[in-house]
Protein chains: 2
Amino acid sequence: MISIIAIDLRNPKPIYEQIKDNIKQLIITGALKPDEKLPSVRELAQTTSINPNTIQKAYRDLESDGFIYTVSGRGNFVAPSPKNVDSKRLEELYDILRAAVGELSYLGAAQSNIIEIVQNTISRSRPQGGNKT
Amino acid sequence: MISIIAIDLRNPKPIYEQIKDNIKQLIITGALKPDEKLPSVRELAQTTSINPNTIQKAYRDLESDGFIYTVSGRGNFVAPSPKNVDSKRLEELYDILRAAVGELSYLGAAQSNIIEIVQNTISRSRPQGGNKT
DNA sequence: GTAAGTGTACTATTATTACTAGTACACCTA
DNA sequence: TAGGTGTACTAGTAATAATAGTACACTTAC
């Protein structure tokens, strides 16, 4: 069960985005296993003191992004494997990657540092599908 | 002079953010040289059909981030070199990097692809400072 | 000195969105 | 049947992006 949802109300990033990022991270790193049950909307709303509607919005987004699946009346569960990956999302991520790396490099971050972080992150993730471009 | 400011009004990202990202990109890649003059607030507002206040906000942010400097009565210019780099910004960028790489890997992007893009981006940027962590 | 172009600082208004609040209903399981 | 689950809906509030318009100080060119 999740207990590591950290929400910073002072963060300008919307709460539902923070929840999405948190859960995505847990799934990507494998902290949440496939088919594992997520906290219910109401439960997570209580433990975080966030309105249930906000939690629901995060869950809805996560489902449409393929990270979780929903069974009405039972709950939300971690999706076993990313399928039907949206190519637009991949392009978005590559764009984000380029922008972050470019600015880091421009600001003086060492290439070796950047590469190391990238490799560590990859090795810690839970790759599943084939080799998309 | 800039003529490559692409603004997508259907993009949910705020217009001033799009302008910031555009100009950052031009500076990072070296398309805009140090001390080169940027279009005036009013000029860019005309060519893009965006309200001058929105342009001004983008310029103000870029200046406080150290990408450009302003001379009252003369205009805005590309900052020669990033100094006094905000360590919080570096941490932000590393976090963004980790999140993007993690999700890419999870979605099935090949490690070789990711690394290649990172290296290409670094080699195309305009590094200046020392080696910040 | 004057005029034109520059950044900057205001106030006011509108539109959008995140968030909260509350309710209702259908579904599943013990 | 009872309790927990997801879902849908309406309504209202708060924050922010964006527009609109004005004003002023500064710099440069004439």
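Hydrogens, waters and symmetry mates are skipped; everything else that's a heavy atom, side chains included, is used. Numbered from 1 within each chain, the chains take letters A, B, ... in sequence-line order.
At whole-Å resolution of the value, OH in Y16(A) and C1' in dA15(D) are 14 Å apart. Note: CZ (F77(A)) to C1' (dG6(D)) measures 11 Å, nearest angstrom. Atom CG of D61(B) is separated from atom P of dA17(D) by 10 Å (rounded to the nearest Å). Remark: C1' of dT7(D) and CZ of R60(A) are 9 Å apart, rounded to the nearest angstrom. Distance, K57(B) NZ to dT16(D) P: 10 Å, rounded to whole Å. For the pair Q18(B) CD and dA18(D) P, the computed distance is 8 Å after rounding to whole Å. Between the CD atom of Q56(A) and the C1' atom of dT20(C) there is a distance of 14 Å, given to the nearest Å. Rounded to an integer number of Å, the gap from OH of Y69(B) to P of dT6(C) is 16 Å.
Closest of all the heavy-atom pairs between G66(B) and A79(B) is O-CB, 3.3 Å. Across I96(A) and A100(B), no two heavy atoms sit closer than the pair CG2-CB, 4.1 Å.
Taking only side-chain atoms of N51(A), from C-beta outward, the nucleotide of dG6(D), dT19(D), dA21(C) with the closest atom is dA21(C).
In this structure, T54(A) reaches the dT20(C) phosphate: one of its side-chain N or O atoms is under 4.0 Å from OP1 or OP2. The shortest distance between the side-chain N/O atoms of Y59(A) and the OP1/OP2 oxygens of dG6(D) is not below 4.0 Å.
Between the Q18(A) side chain and the I15(A) main chain, no donor and acceptor come within less than 3.5 Å of each other. With hydrogens and angles disregarded, a donor-acceptor distance shorter than 3.5 Å links the side chain of T48(B) to the backbone of L44(B). Looking only at distances, no side-chain donor or acceptor of N76(A) sits under 3.5 Å from a matching main-chain atom of V71(A).
Tested against L104(A), the residues T121(B), V118(B), L90(B) include a single side chain to side chain contact (heavy atoms under 4.5 Å, CB included) partner, L90(B).
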CA sep, side-chain torsions, deciding dist, call: D35(A), Y69(A), side chain to side chain donor-acceptor pair (under 3.5 Å) = CA-CA 9 Å; D35(A) 295 317; Y69(A) 64 91; 2.7 Å; yes
Any chance you could list the contact pattern along nucleotides 22-30 of chain D? Use B for base contacts, S for sugar-phosphate-only contacts and - for none, protein heavy atoms under 4.0 Å, 5' to 3'.
-> -B--BSS--
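Between L9(A) and V41(B), the one whose closest nucleotide on DNA chain C sits nearer the 5' end is V41(B).
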